Amino acid sequence: MEEALRIIGRAWQGEQLAYQGELIDIPPHPILPRPHQMPHPPLFLACSRAETLRQAAELGVGALVMGFAGPDAVAELRTVYDAARAARTGDRLVSPRINDHFAVLCPTTVLADRERARAVGLRGQRFFAQAIAHWYGGAGIPDEAVVDGADEAAELRRAAETVVAHLHEQRIPVRPNATATFRADHAYGTAEDAIAYVERFRAAGADEVMCLIQMGTVPQEACLETIRQWGEKVIPHFAGDRPRPASVTRPDGP
């Protein structure tokens, strides 16, 4: 993985790539199309554990963090990432372009009706969490049924208990990530609810929030309305915090 990051960073910087490493040798080869950003687009690493966060910081790449465990857990992950950044010597940097961006995934369903948004979001999240447990942990097949009026928070808790029981049967350690995807407190509700939740992520150290909207059972109209609500109400609330994009100049012109 580390060598792949080095190759990608180098491939994006010139018209040709030549690489010799511990695992891979690449003879001179043209790279087309070339990215617009110079020296290259920022590199990121998906991080779910403290060890990976420390690795990302040492390599000089941004962290993409799952936000299912909530703002308090994100704050702890940010602390790990910042400590590793402060301690890095630069010996392991994969590119001269350092990216210290900390982005957090945020499950969200935003509708005018708070209770409807929460029910839709929790139902979609239950399918999402069960799917992860099935494909990565060998748990049962995800439940696709959508039952109007169901207590989705209670169903989510029961689904989590089923996954934990399966892990115990298989003698697989129940790590925090195994149950974090079943946590019910997210940006579900009105635009004001989403704003308040994102504020908590910002206080926890998130530089960016990535919205997780389509979660299997979420209907298309709810996805589209969520996008509209974020675009019209949530994002404008934070628009004044965004830095102005830097001008980009390529060797052959702007």
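On a predicted model such as this, the values are computed, not experimentally measured, just so you know. The residues of the chain are indexed from 1 along the displayed sequence. These values consider heavy atoms only, across backbone and side chains, with no hydrogens, waters or symmetry-generated copies.
F127 places none of its side-chain heavy atoms less than 4.5 Å from the side chain of V146. Between M38 and Q13, the closest side-chain pair of non-hydrogen atoms is not below 4.5 Å. Between C211 and C106, every side-chain heavy-atom pair lies at or beyond the 4.5 Å cut-off. Two residues are said to be in side-chain contact when any heavy atoms from C-beta on lie closer than 4.5 Å; E208 and F102 fail this criterion. Annotation: side chain of W12 is in contact with side chain of P41 (closest heavy-atom distance under 4.5 Å).
Considering I132, L122, L156, T162 in turn, L156 is the only one that fulfils the side chain to side chain contact (heavy atoms under 4.5 Å, CB included) rule with F182.
The distance from atom CE of M66 to atom SG of C47, rounded to the nearest 0.5 Å, is 12.0 Å. Atom CD1 of I8 sits about 11.0 Å away from atom OH of Y19, to the nearest 0.5 Å. In this structure, CG in L111 is found 9.5 Å from CD in E221, a value given to the nearest 0.5 Å. To the nearest 0.5 angstrom, E76 atom CD is 11.5 Å from L53 atom CG. Atoms CZ and CD, from R114 and E192 in turn, are 7.5 Å apart once rounded to the nearest 0.5 Å. Annotation: the span from M210 atom CE to L212 atom CG amounts to 9.5 Å, rounded to 0.5 Å.
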Practice task
Output, in order, the C-alpha distance, side-chain angles, deciding distance and verdict of side-chain contact (heavy atoms from CB on, under 4.5 Å) for W230 and I195.
Solution key: CA-CA 9 Å; W230 272 78; I195 288 170; over 6 Å; no
Practice task
Applying side-chain contact (heavy atoms from CB on, under 4.5 Å), run through I7 and L17 and close with a yes or a no.
Solution key: CA-CA 8 Å; I7 293 171; L17 167 68; 4.1 Å; yes
Handout entry: Candidate pair R34 and E15, rule side-chain contact (heavy atoms from CB on, under 4.5 Å), full reasoning
Key = CA-CA 7 Å; R34 295 171 58 200; E15 294 184 3; 3.5 Å; yes
Exercise for the section: List the steps and the verdict of side-chain contact (heavy atoms from CB on, under 4.5 Å) for V65 and Y81. Expected result: CA-CA 11 Å; V65 176; Y81 186 66; over 6 Å; no
Practice task
Could you walk me through whether E115 and R118 pass salt bridge (charged side-chain N to carboxylate O under 4.0 Å, His left out), step by step?
Solution key: CA-CA 5 Å; E115 295 307 316; R118 182 168 172 79; 5.5 Å; no
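Sorted by first and then second residue, the pairs that involve residues 147-158 and meet side chain to side chain donor-acceptor pair (under 3.5 Å), not counting sequence neighbours, are R126-E152, E155-R158.
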Listing, residues 90-100 side-chain donor-acceptor contacts under 3.5 Å, not counting sequence neighbours, or none:
residue, atom, partner, partner atom, Å
D91, OD2, T89, OG1, 3.1
R92, NH1, E58, OE1, 2.4
R92, NH2, E2, OE1, 2.7
S95, OG, H40, NE2, 2.6
S95, OG, R97, N, 3.1
R97, NH1, H40, O, 2.5
N99, OD1, H101, N, 3.3
N99, ND2, L43, O, 2.9
D100, OD1, R88, NH1, 3.0
D100, OD1, R88, NH2, 3.3
D100, OD2, R85, NE, 3.4
D100, OD2, R88, NH2, 3.0

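Within 6.0 Å of atom CD in E22, 12 or fewer heavy atoms from other residues, nucleotides or ligands are found, so the atom counts as exposed in its surroundings.
Formation of a donor-acceptor pair under 3.5 Å by the Q214 side chain with backbone atoms of V218 is found in this model. Remark: the backbone N or O of V110 is paired with a side-chain donor or acceptor of T226 at under 3.5 angstrom. Side chain of T108 to main chain of I213: no donor-acceptor pair is present (N/O by atom type, distance under 3.5 Å, no hydrogens or angles). Between the side chain of R183 and the backbone N or O of D185, at least one donor-acceptor pair lies under 3.5 Å. With hydrogens and angles ignored, the 3.5 Å screen pairs a side-chain donor or acceptor of Q130 with a backbone N or O of D143. Panel note: side chain E3, backbone L23; a donor-acceptor pair is recorded below 3.5 Å.
Counted by atom type alone, E225 and Q229 present one or more donor-acceptor pairs between their side chains at under 3.5 Å. Judged purely by distance below 3.5 Å, without hydrogens or angles, the side chains of T190 and D193 pair a donor atom with an acceptor atom.
Every residue two or more places apart in sequence or in another chain was checked for a side-chain contact (heavy atoms from CB on, under 4.5 Å) with P236, and none qualifies.
Smallest separation of non-hydrogen atoms from P71 and Y197: CD-OH, 3.5 Å. Between P142 and A131 the shortest heavy-atom distance is CG-CA, 3.5 Å. Shown here for H186 and G67, the closest heavy-atom pair between the two residues is CE1-O, 4.1 Å. Counting all heavy atoms, side chain and backbone alike, L5 lies closest to F44 at CD2-O, 4.3 Å. Here the closest non-hydrogen pair linking R78 and G205 is NH1-O, 2.6 Å. Contact between L45 and A56 at its shortest, heavy atoms only, is CD2-CB, 4.0 Å.
Using a cutoff of 4.0 Å between basic side-chain nitrogens and carboxylate oxygens, R202 and E199 are scored as salt-bridged.
F238 and V104 end up in the same hydrophobic cluster when Ile, Leu, Val, Met, Phe, Trp and Tyr side chains are linked at under 4.5 Å.
Between F128 and F68, the distance from one ring center to the other falls under 6.0 angstrom.
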